[in-house]
Amino acid sequence: DGGITQSPKYLFRKEGQNVTLSCEQNLNHDAMYWYRQDPGQGLRLIYYSQIVNDFQKGDIAEGYSVSREKKESFPLTVTSAQKNPTAFYLCASTLGTANGYTFGSGTRLTVV
Amino acid sequence: EDQVTQSPEALRLQEGESSSLNCSYTVSGLRGLFWYRQDPGKGPEFLFTLYSAGEEKEKERLKATLTKKESFLHITAPKPEDSATYLCAVGLGGGNKLTFGTGTQLKVEL
């Protein structure tokens with residue numbers, strides 16, 4: 001079955017560390033997105049990519065970086081510059097918004 | 001400034017008690033209104049896309065409607081398995097980007 005796989009499900013980061021969240025899709029979707037979800041807040045867009053080797057900043061890109069070297073993969077790195085990284089991170093992809101986004105199951109990142 | 005507001009924040013219903021969730025928006029250049037369902041600890045699941053005022057879509061006990069300023073998600077005779085957070089989002093600008101509301105947490109009790 002086609003879908004989006006995010007790993008790991010839970011991730012713990014020490015202060016000053018960079019960590020990378022994985023997102024892989026086998027839906028043949030061109031566009032991929034990273035959102036952050038915090039309690040009481042809507043999903044906020046971090047980065048998005050419409051094609052391979054191209055990506056754009058979303059509303060809260062500071063402290064994050066991405067790459068899009070393959071159509072199937074869109075990893076997100078949370079750098080030490082992100083001061084409040086504890087959150088639920090969601091990756092999504094779409095063929096076109098008429099079909100909506102397909103979301104992964106998320107990665108919960110906690111700073112320890 | 002583009003805004004998406006959902007109400008109520010939380011809703012508790014008895015099984016079979018129909019109700020509606022609201023999503024109001026103030027955006028320029030709307031490119032679709034989207035409804036998603038999210039279970040705890042999981043990613044959102046796509047429900048509906050609406051594009052034009054007057055448009056309606058249905059799926060089992062759910063029916064979504066759209067006006068020029070808001071959308072409603074009507075839940076008819078809900079069951080406990082309908083308990084979830086329902087998210088509304090609007091499509092804006094290029095890149096198929098979505099802006100989400102904060103959601104309505106629905107709990108349906110026996």
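Naming convention: chains lettered A, B, ... in sequence-line order (proteins, then strands); numbering from 1 in each chain.
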Over-ring placement of A:Arg108 relative to A:Phe88, 6.0 Å and 45° cut-offs: yes

Is it the side chain or the backbone of [X] that comes within 4.5 Å of chain A heavy atoms, both, or neither?
{"X": "B:Phe48", "value": "neither"}
{"X": "B:Gln105", "value": "neither"}
{"X": "B:Leu87", "value": "side chain"}

Which atoms of [X] come close to chain B, meaning under 4.5 Å heavy atom to heavy atom: side chain ones, backbone ones, both, or neither?
{"X": "A:Leu90", "value": "side chain"}
{"X": "A:Gln37", "value": "side chain"}
{"X": "A:Gln41", "value": "backbone"}

With a 6.0 Å cut-off on ring centres, are A:Tyr64 and A:Tyr47 close enough? no

Less than 6.0 angstrom separating the ring centers of B:Phe34 and A:Tyr101, yes or no? no

Note, B:Ser52 side chain near B:Leu66 side chain (heavy atom, < 4.5 Å): no

May I ask you to decide if the ring planes of B:Tyr36 and A:Phe103 are parallel, tilted or perpendicular, using 30° and 60° as cut-offs? perpendicular

